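Accompanying notes for the structure given below.
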Amino acid sequence: MKKGLLGLLKKAKPAFGPIYREAVNLSWILEIHSSSLQTGFYVFQSLEQTHFLPMIDGALWGNIPEYFEMLSFYKSTRNFIIRNFQLPILPEIPLCKVEPVWVNLESISFNIKEFFKKLEHFATTGFLEVEDRVKREKGHIFLQNGLIVDARFRQLKGEEALKQIIDSLSENVCLMNLYQLEDIVLSFLLSEPKVVSVSWHLEDAQYFCQELSKSHVGLPILLVSVSMQDYGYRVFMDGYVIYQTSFDEEADVFEVYLVSQVKQFDILNPYDYIEEGSKLKILKSDPGSTIVYFCPACWSVISEKDKVCPNCGYDLTDFHNMPYEYKLLMGLEHPVVEMRTNVIHTVGMKDLKLAIPQLEQMINRESNPIVLMAIVDALGRMSHPEAIELLRKLSNHTYPIIRSRSRYILDKKLRRLF
């Protein structure tokens, strides 16, 4: 890890913290950052030392220290993390995200076809970033004058990636942001650029770009400033700077990208993959909050201020006025597995008999062993005879781990009874 990271923290503002360890539920913070696909790093501080732990797209790279007194989390770019922590993974296409351009989704009634038609109407050149909050995956749709010219999702590209992203938009809760790019940068980024140099000094990187562009006549060379918070572009051609935006001369790292040939765009048609009547399940972006609010009726993501679900029309004031036990019952249908298991755990701790019929339904349809294990443990804490019957049923489950755990807990409960 680069020694100058501590110095950078003096100028940076953490997204979370600093806060004392005793004042925070660490597992809850990790889950929130994981479910929202955060990229950045944790700073664990004590009197003796400072420990850094990177996170990329919600996945931790390393182990949490056994002892620390203070905790902070700093958001960062993926390439900044890779370079400073020397991680053995490839850097991403450096997509500059200064300020998102947004579309008034309320005016299109959450209809996917209408959404893409509005993108065409705005004639935006740039990219749409789609973050699937259920599957915890990101995809990108690239636009030139409002028309889709490419897409990226996992290792997929083009039409296959576009289809997967549209499936996410129609099936799961997603966060979407639309960003602008100049034509020259868009063309470059979609032409399979290769990193040919990485430097910690601007002068060295700039001289390299000038000389490289002279030897590759007619081809653009992209110099990317990689800072904690953003990327910036400076484009060279034939030894001269022909374009730049958001470039940070004080950035920590500078990357040089080269292409062998600039790609010619093909137009992709999203309507081939959209079923009639498909609706978006969108999350309105709020950079100041890490909390995700769900409608308890249809599980679309909503705003904290919504009084009626914009997707299904459920009166959210009814939910707020419900007894806590009924809120738990609704929470058993939560679309995020980790949240669902938390509710199952609470149901067990509260010995909530009302939940047993719903737990039985979950056992019949559930295939996720993590959820099933949570149900087994919850039933083990409950005092009702119906819980014992469900444990007997689970002791014959097709999953060996579920059978073994159920039989162990069932044996302990029966010994206490007799």
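This is a predicted model, so every value here is computed, not measured.
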Could you measure the distance from the CD1 atom of I56 to the CZ atom of R78? Nearest 0.5 Å is fine. 5.0 Å

Give a yes or no on whether a salt bridge exists between R381 and D377, defined as a side-chain N under 4.0 angstrom from a carboxylate O. no

Close side-chain approach of C96 and F127, heavy atoms under 4.5 Å: no

I'd like to know if the side chain of T50 reaches the main chain of S46, judged simply by a donor and an acceptor atom lying under 3.5 Å from each other, with no hydrogens or angles considered. no

Check whether any side-chain heavy atom of L352 sits under 4.5 Å from a side-chain heavy atom of L329, and report yes or no. yes

Would you say the side-chain atoms of S76 pair up with the backbone N or O of M228, donor to acceptor, closer than 3.5 Å? yes

Find out whether L372 and Y399 are in side-chain contact, i.e. whether some heavy atom of one side chain is under 4.5 Å from a heavy atom of the other. yes

More than 12 heavy atoms of other residues, nucleotides or ligands under 6.0 Å from CD1 of I401: is that the case? no

Which residue, L189, I141, L190, L186, forms the side-chain contact (heavy atoms from CB on, under 4.5 Å) with D150? L190

Flag yes if more than 12 heavy atoms outside E160 fall under 6.0 Å of its CD atom; otherwise flag no. no

For the side-chain contact (heavy atoms from CB on, under 4.5 Å) test, which of I370, I363, N368 pairs with E366? N368

Spacing of Q358 atom CD and M330 atom CE [to the nearest 0.5 Å]: 9.5 Å

What heavy-atom pair brings L37 and E137 nearest, and what distance separates the two atoms? CD1-N, 3.7 Å

Indicate yes or no for a side-chain donor-acceptor contact from S213 to the backbone of I221 under 3.5 Å, with no hydrogens or angles considered. no

Does OH belonging to Y408 count more than 12 external heavy atoms closer than 6.0 Å? no

Return yes if some donor-acceptor pair links the side-chain N/O of Q38 with the main-chain N/O of D57 below 3.5 Å, else return no. no

Any donor-acceptor pair under 3.5 Å linking the side-chain atoms of N364 with those of K393? yes

Nearest 0.5 Å please: distance from the CD1 atom of I19 over to the OG atom of S72. 9.5 Å

Given 3.5 Å as the limit, does a donor-acceptor pair link the side chain of R403 with the main chain of T398, or not? yes

Specify the closest pair of heavy atoms between L359 and L332, including all atoms of both residues, with the distance to one decimal. CD2-CD2, 4.4 Å

Kindly determine whether Y67 and E48 satisfy side chain to side chain donor-acceptor pair (under 3.5 Å), including the steps that lead there. CA-CA 10 Å; Y67 175 77; E48 292 78 18; 5.5 Å; no

Using the side-chain contact (heavy atoms from CB on, under 4.5 Å) rule, take L53 and W61 through it: C-alpha gap first, then chi angles, then the decisive distance, then the call. CA-CA 7 Å; L53 183 60; W61 283 74; 5.6 Å; no

For Y271, does the OH atom have more than 12 heavy-atom neighbours from other residues, nucleotides or ligands under 6.0 Å away? yes

Centroid-to-centroid, F68 to H51, below 6.0 Å? no

Parallel, tilted or perpendicular: which describes the rings of F41 and F80, with under 30° parallel and over 60° perpendicular? parallel

Salt bridge between K157 and E192, side-chain N to carboxylate O under 4.0 Å? yes

Quick one: OG1 on T245 to CD1 on I184, what's the gap to the nearest 0.5 Å? 12.5 Å

Verify whether one side chain among R234 and Q206 offers a donor that lies under 3.5 Å from an acceptor in the other. yes

Value rounded to 0.5 Å, distance of CG in N269 from CZ in F116: 10.5 Å

Hey, are R21 and E69 close enough for a salt bridge, meaning a charged N less than 4.0 Å from a carboxylate O? no

Kindly indicate, with the supporting measurements, whether the criterion side-chain contact (heavy atoms from CB on, under 4.5 Å) is fulfilled by L30 and L26. CA-CA 6 Å; L30 291 172; L26 181 57; 4.1 Å; yes

Taking atom types as modelled, is there a side-chain donor on E255 or N79 under 3.5 Å from an acceptor on the other? yes

Test your reading of the model: is there a side-chain donor-acceptor pair from S187 to the backbone of D183, 3.5 Å cut-off? yes

Main chain of F16, side chain of Y74: is a donor-acceptor contact present, judged purely on distance under 3.5 Å? no

Is any side-chain heavy atom of L258 closer than 4.5 Å to one of K194? no

Charged N-O contact under 4.0 Å between K163 and D272: no

Show the numbers, then the answer: is there a side-chain contact (heavy atoms from CB on, under 4.5 Å) between F52 and Y42? CA-CA 6 Å; F52 297 90; Y42 291 93; over 6 Å; no

Is the closest side-chain donor-acceptor distance between D132 and S168 under 3.5 Å? yes

Is a salt bridge present between K97 and E129, judged by a nitrogen-to-oxygen distance below 4.0 Å? yes

Y231 side chain near T77 side chain, heavy-atom distance below 4.5 Å: yes

Does any N or O in the side chain of S225 come within less than 3.5 Å of the main-chain N or O of G232, such that one atom is a donor and the other an acceptor? yes

Non-hydrogen side-chain atoms of T125 and Q180 separated by less than 4.5 Å: no

Without swapping roles, check the side chain of H201 against the backbone of E203 for a donor-acceptor pair under 3.5 Å. no

If the threshold is 4.0 Å, N to carboxylate O, is there a salt bridge linking E114 and K117? no

For a side-chain contact (heavy atoms from CB on, under 4.5 Å) check, start with the C-alpha distance between F254 and F247, then their side-chain angles and the critical distance, and finish with the verdict. CA-CA 10 Å; F254 299 94; F247 193 83; 3.9 Å; yes

Within a strict 4.5 Å, meaning less than it, do heavy atoms of the R340 and V371 side chains meet? yes

Is there a side-chain contact between L95 and F142, using heavy atoms and a 4.5 Å cut-off? yes

So CG of N177 and NE2 of H140: to nearest 0.5 Å the spacing works out to 10.0 Å

Give a yes or no answer on whether the side chain of S278 reaches the backbone of I274 with a donor-acceptor pair at less than 3.5 Å. no

